Amino acid sequence: MGTPDLAAACLRKLVSGSVSNGQSLWKVTGVISQPDKPKGRNLHLQPTPVKAAALELGLECFQPLKAKDPESLEWIRSKNPDLIVVAAYGQILPQSLLDIPRFGCINVHTSLLPKYRGAAPIQWAIWDNCCETGVTLMKMNAGLDTGDILATRCTSITCEDNAETLHDRLAELGGELLVETLPDYFAGKITPRPQPEEGILYARKITKEDGHLNWNLSARELCCRIRALTPWPGAFCFIPEQERKIMLKIWQAEFLEKATSTRPGTILTSETDRLEVACGNGVLRILCLQREGKKRMDVRSFLAGHTLPAGTILE
RNA sequence: CGCGGGGUGGAGCAGUCGGUAGCUCGUCAGGCUCAUAACCUGAAGGUCAGUGGUUCAAGUCCACUCCCCGCAA
């Protein structure tokens with residue numbers, strides 16, 4: 001069960017890793033994903049990444065409105081699963097569902113639990129400037145990411161990482177960990193251990209408004225947020241122009257530990273390939289940006305055709 | 001038919017009321033300099049997204065098509 005790209009990656013790994021030394025270790029008998037949602041410019045219905053992957057792999061995909069509805073449970077029972085693997089499905093699963101498979105439900109979660117339980121663990125790890133995160137496999141219970149841990153795998157977060165690069169890496173790791181762990185789990189060699197009671201953190205959903213840069217913060221913090229919010233929902237601010245504000249997305253930036261007493265949000269430097277903005281503490285150098293209606297581009301290209309003079313105050 | 005912006009030399013943009021296409025950067029050649037991503041001189045490079053229409057004349061006006069992007073979801 002899953003919905004976005006992360007889950008699709010796990011599904012692919014699960015299928016490609018199901019055979020070892022000519023022996024079939026397991027078989028994916030069904031896939032469950034959220035219903036298709038209208039997406040894109042003309043609001044056409046788009047299949048979820050997991051559905052797309054399932055169809056590609058020739059697997060049956062079930063898309064109930066609610067996983068807890070009796071018909072959904074019935075469908076699952078009809079498949080008679082030994083195990084259900086859940087990755088970013090997007091709905092809370094009731095105990096009655098968790099109880100169906102003999103080996104329970106295993107969740108792939110992209111953080112080192114109990115840190116960052118919840119909806120947006122990848123983004124919050126970067127937002128908080130963590131230097132390390134990872135994936136956790138846990139045996140699900142009725143709580144929100146509170147199940148007992150089967151296995152974990154770490155990865156460090158570099159200053160080059162954004163939510164996209166980290167997501168892709170964790171998706172890869174998650175799939176691998178799953179394929180490596182399942183045989184031992186089935187063989188009873190793994191004893192799930194409870195999550196530590198210390199260090200519990202919740203990663204609430206990211207909203208659009210989280211992307212609005214507050215220049216009073218330090219350049220270092222803003223940098224983290226930009227990385228955490230790229231590619232979605234994107235970090236942005238506004239250029240004041242006559243009549244209306246123009247939205248400016250910041251895709252990539254770095255911070256300079258430079259003291260400045262200028263009002264936060266003021267553009268300090270704007271020449272050929274340097275665009276620097278005063279922050280509450282330090283200076284943010286923008287490297288890659290996008291004006292609304294335009295394509296994403298590096299500062300050099302941007303400044304070749306747009307005027308954004310020093311002294312302009314961004315909002 | 002959800003709302004809106006846009007397609008102009010390699011990149012990013014300007015182009016007014018229709019009248020032989022400009023700017024910044026890059027590229028190439030030459031010069032200056034101990035030296036340079038700096039500076040000076042020169043050059044190359046455009047079917048103005050496509051199709052049709054209006055006109056003496058269309059990047060510009062009209063119609064349709066294709067493509068890119070922001071919002072929304």
Side-chain angles (χ1 to χ4, degrees), chain A residues 2-8 32-53 61 63-67 88-92 118-120 122-123 162-165 167 204-215 222 225-254 256 258 265 267-277 283-315:
Chain A
T3 302
D5 287 316
L6 179 99
I32 300 179
S33 191
Q34 296 255 32
D36 295 349
K37 294 231 171 84
K39 254 192 182 343
R41 231 151 256 134
N42 293 314
L43 299 178
H44 289 312
L45 232 47
Q46 297 285 339
T48 68
V50 163
K51 181 191 186 181
C61 185
Q63 299 176 279
L65 214 52
K66 303 262 185 197
Y89 174 61
Q91 289 183 27
I92 304 279
I122 300 174
Q123 285 87 338
N162 60 33
E164 186 172 37
T165 62
H167 165 278
R204 56 153 246 262
K205 250 183 191 165
I206 296 280
T207 69
K208 204 90 191 168
E209 197 41 37
D210 289 321
H212 195 162
L213 296 174
N214 174 0
W215 297 106
L222 288 173
R225 294 190 181 192
I226 291 165
R227 292 191 294 126
L229 300 171
T230 300
W232 194 90
F236 59 91
C237 59
F238 294 97
I239 309 171
E241 284 197 11
Q242 63 276 29
E243 298 187 17
R244 68 197 201 97
K245 296 179 195 169
I246 304 292
M247 195 182 74
L248 197 65
K249 269 195 178 175
I250 311 295
W251 287 91
Q252 206 191 341
E254 62 189 14
L256 310 173
K258 220 192 298 187
I267 294 178
L268 298 172
T269 310
S270 175
E271 52 188 38
T272 60
D273 59 354
R274 277 172 56 213
L275 185 59
E276 297 172 0
V277 186
V283 172
L284 192 78
R285 176 182 285 165
I286 297 170
L287 300 173
C288 183
L289 71 172
Q290 179 174 23
R291 192 187 149 107
E292 69 178 65
K294 295 296 185 179
K295 288 184 183 174
R296 183 205 310 199
M297 60 188 88
D298 56 50
V299 208
R300 204 184 183 85
S301 298
F302 184 87
L303 291 178
H306 297 86
T307 43
L308 200 52
T312 306
I313 297 174
L314 301 174
E315 294 171 19

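Just so it is clear, the model here is predicted, and its values are computed rather than measured. Proteins get letters first, then strands, A, B, ... in listed order; numbering begins at 1 in each.
Remark: A:A304, A:G305, A:H306 in residues 304-313 of chain A come within less than 4.0 Å of RNA chain B through at least one heavy atom.
When the side-chain nitrogen and oxygen atoms of A:K295 are compared with OP1 and OP2 of B:G12, none of them lie within a distance under 4.0 Å. Contact check, A:Q290 against B:G70: a side-chain N or O comes under 4.0 Å of OP1 or OP2. Regarding contacts with the backbone of B:A72, every side-chain N or O of A:K39 stays at 4.0 angstrom or more from both OP1 and OP2. Dashed line: the shortest gap from a side-chain N or O of A:K249 to OP1 or OP2 of B:C71 is under 4.0 Å.
Heavy atoms of A:K37 sit nowhere under 4.0 angstrom from any nucleic acid atom.
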In B/S/- notation, 5' to 3', how is nucleotides 2-7 of chain B contacted by protein heavy atoms closer than 4.0 Å? BB-BS-
Please report the C-alpha distance between A:H167 and A:E164 in whole Å, then the side-chain angles of each, then the deciding distance to 0.1 Å, and finally whether the side-chain hydrogen bond (donor to acceptor under 3.5 Å, both in side chains) criterion is met. CA-CA 5 Å; A:H167 165 278; A:E164 186 172 37; over 6 Å; no
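Using modelled atom types, one side-chain atom of A:Q63 and one backbone atom of A:Q34 make a donor-acceptor pair closer than 3.5 Å.
Base pairing of B:U16: no nucleotide in any strand meets the Watson-Crick or G-U wobble criterion (both distances under 3.5 Å). Remark: B:U60 base-pairs with no nucleotide in the shown strands. Criterion, Watson-Crick or G-U wobble with two distances under 3.5 Å. Of all nucleotides present, only B:C40 satisfies the Watson-Crick or G-U wobble test against B:G30, with each distance under 3.5 Å.
Of the C1' atoms belonging to B:A49 and B:G7, the separation is 6 Å, rounded to the nearest Å.
Residues passing the salt bridge (charged side-chain N to carboxylate O under 4.0 Å, His left out) test with A:K39: none are found, sequence neighbours excluded.
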